[in-house]
There are 2 protein chains.
Amino acid sequence: MNNPFRPDKTDLEILRLLEQDGRMPHKVIAQHVHKSITPIHSRLAKLQNEGYIRRFTALLNPRKIGRGLTAYTQVILKVHSQESLENFMKQAEKINEVMECYHLTGAFDFLLRITIRDMDAYNELLLKKLSNLPEVAQMQTSFVISEAKYNTAYFYSRSDE
Amino acid sequence: MNNPFRPDKTDLEILRLLEQDGRMPHKVIAQHVHKSITPIHSRLAKLQNEGYIRRFTALLNPRKIGRGLTAYTQVILKVHSQESLENFMKQAEKINEVMECYHLTGAFDFLLRITIRDMDAYNELLLKKLSNLPEVAQMQTSFVISEAKYNTAYFYSRSDE
DNA sequence: TCTGAAAATGAGGCGGC
DNA sequence: GCCGCCTCATTTTCAGA
């Protein structure tokens, strides 16, 4: 009954390998962890059921698909009521160019990661959408000059180019 | 010879589907785009060769694997020479907890995304590694209270929970 | 470039240890 | 909880239009 699942070393190694290559065959994983395919299969099912793996995905190259400009925008709200916070988050989520939105401690309230084609497109986004968000008191935007590191793998530090 | 590859609508749809599910079978993709399996296979090979797909990966749940705390740290350097910038980037890349590092326009120089177990672990990281980076003049850190949106898919806005 | 089909490889299920 | 075998699904290659 009360048997909380805790991944062992083999489970963590499976996660590490799948972070490196989400399509690695079970056979290859099995060789790495010195087991047969069957336990890989059952462990993987368990890891997914327990929510260790959010999803499998293909990471694309934003430059190639017209999203070459990345902006980080700091937002300060006028009012910090629950309603105001929730409204802002709801609006931000709906904007496709906003890839990430975090509520933060510190000098400002929210940090947005925005990816978009170019500065002209950003200008349009700013005029048509961002500047119309009613909860916002101040916004300050910085643009990414270069990406020194971008890594989604917790168990394996790898800088994708 | 000079025949630059430009993805057509079918290619973009394949990318969109693989962003949603990096393990979607070619057969299922084929049904979505009303083609047979063979062209899916060859188009996918081309998209990978041309660098449209960076890689396939499993996105993990950071809370489950002891990386429940996320920090965004703004860094200002003392000196802005090429050497100083490059040294800082090299050092930042080497720190496993630094998942992303960007050189930015604006009021500060770099933005770091740091994921780590908890505040005690952050304290240790700060004392042992971050505060020893010689190029740094100022650092200001904000911690993530909540993640309103986290999306890696450019063609399909989806907020992962 | 596509369709259709064959060959090779991988995934998922079952009994036994 | 693991192994080996079996069956089914998927991937990859190939002939032809």
Side-chain angles (χ1 to χ4, degrees), chain A residues 1-61 64-66 152-153 155-156 158 160, chain B residues 1-61 64-66 152-153 155-156 158 160:
Chain A
M1 288 275 117
N2 255 350
N3 194 4
F5 171 67
R6 291 279 159 245
D8 63 14
K9 279 202 173 184
T10 301
D11 292 316
L12 296 179
E13 180 68 6
I14 292 171
L15 292 175
R16 191 182 74 81
L17 292 166
L18 287 173
E19 279 189 315
Q20 286 180 58
D21 177 4
R23 290 186 147 189
M24 181 176 286
H26 295 185
K27 185 181 169 185
V28 178
I29 298 173
Q31 288 164 351
H32 273 94
V33 302
H34 306 297
K35 297 232 182 313
S36 72
I37 295 175
T38 312
I40 306 305
H41 183 253
S42 59
R43 283 164 181 269
L44 191 45
K46 189 150 214 172
L47 288 167
Q48 289 197 258
N49 285 336
E50 297 283 341
Y52 282 77
I53 297 175
R54 301 167 78 161
R55 62 199 185 90
F56 291 93
T57 191
L59 295 178
L60 305 188
N61 183 344
K64 293 273 188 179
I65 54 172
T152 61
F155 289 122
Y156 179 72
R158 164 184 173 160
D160 295 318
Chain B
M1 288 277 115
N2 253 352
N3 194 5
F5 171 67
R6 290 278 160 246
D8 63 14
K9 280 202 172 184
T10 301
D11 291 316
L12 296 179
E13 179 68 7
I14 292 171
L15 292 175
R16 191 182 73 80
L17 292 166
L18 287 172
E19 279 189 316
Q20 285 180 58
D21 177 6
R23 290 187 148 188
M24 182 176 287
H26 297 183
K27 185 182 168 185
V28 178
I29 298 173
Q31 288 164 351
H32 272 94
V33 302
H34 306 296
K35 297 233 181 317
S36 69
I37 295 175
T38 311
I40 305 304
H41 184 253
S42 60
R43 282 165 181 269
L44 192 45
K46 190 150 214 174
L47 287 167
Q48 289 196 258
N49 285 336
E50 298 284 341
Y52 282 76
I53 297 175
R54 300 167 79 161
R55 61 198 186 94
F56 290 92
T57 190
L59 295 178
L60 305 187
N61 182 343
K64 293 275 187 177
I65 54 171
T152 62
F155 289 123
Y156 180 72
R158 164 182 175 162
D160 295 318

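Sequence lines set the chain letters: A, B, ... in the order given, protein chains first and strands last, and positions in each chain run from 1.
One atom, CD of B:Gln31, and another, P of C:dC2, lie 17 Å apart when rounded to the nearest Å. Atom P of nucleotide C:dT1 and atom CG of B:Leu44 are separated by 15 Å, given to the nearest angstrom. Atom CG in B:Leu18 sits roughly 14 Å away from atom C1' in D:dT11 (whole-Å rounding). Between the CZ atom of B:Phe56 and the C1' atom of D:dT11 there is a distance of 13 Å, rounded to whole Å. Rounded to whole Å, the distance from NE2 on B:His34 to P on C:dT3 is 12 Å.
A pairwise comparison of heavy atoms in A:Ala58 and B:Phe56 identifies CB-CE2, 3.6 Å as the closest pair.
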Salt bridge (charged side-chain N to carboxylate O under 4.0 Å, His left out), that's the test. Do B:Glu13 and B:Arg16 meet it? Break it down for me. CA-CA 5 Å; B:Glu13 179 68 7; B:Arg16 191 182 73 80; 3.0 Å; yes

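Evaluated for a side-chain hydrogen bond (donor to acceptor under 3.5 Å, both in side chains) with B:Asp11, the options B:Arg43, B:Lys46, B:Arg6 yield exactly one hit, B:Arg43. A side chain to side chain contact (heavy atoms under 4.5 Å, CB included) with B:Leu17 is found for one member of B:Ile40, B:Leu12, B:Ile29, B:Val28 and no other, namely B:Ile29.
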For each nucleotide in nucleotides 10-17 of chain C, reading 5' to 3', give B when a protein heavy atom comes within less than 4.0 Å of its base, S when such contact involves only the sugar-phosphate, and - otherwise. SSSBB---

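The closest donor-acceptor contact from the side chain of B:Glu50 to the backbone of B:Phe5 lies at 3.5 Å or more, if one exists at all. A distance-only check finds a donor-acceptor pair linking the side chain of B:Arg23 to the backbone of A:Gly22 [under 3.5 Å].
Ring pair A:His41/A:His26 is tilted by interplanar angle, where 30° to 60° counts as tilted.
Non-hydrogen atoms lying under 4.0 Å from DNA chain D are contributed by nothing in residues 7-14 of chain A.
Proximity of B:Arg43 to the phosphate of C:dC2: a side-chain N or O atom is located under 4.0 Å from OP1 or OP2.
Note: A:Thr57 OG1 to B:Met24 CE = 10.5 Å, rounded to the nearest 0.5 Å.
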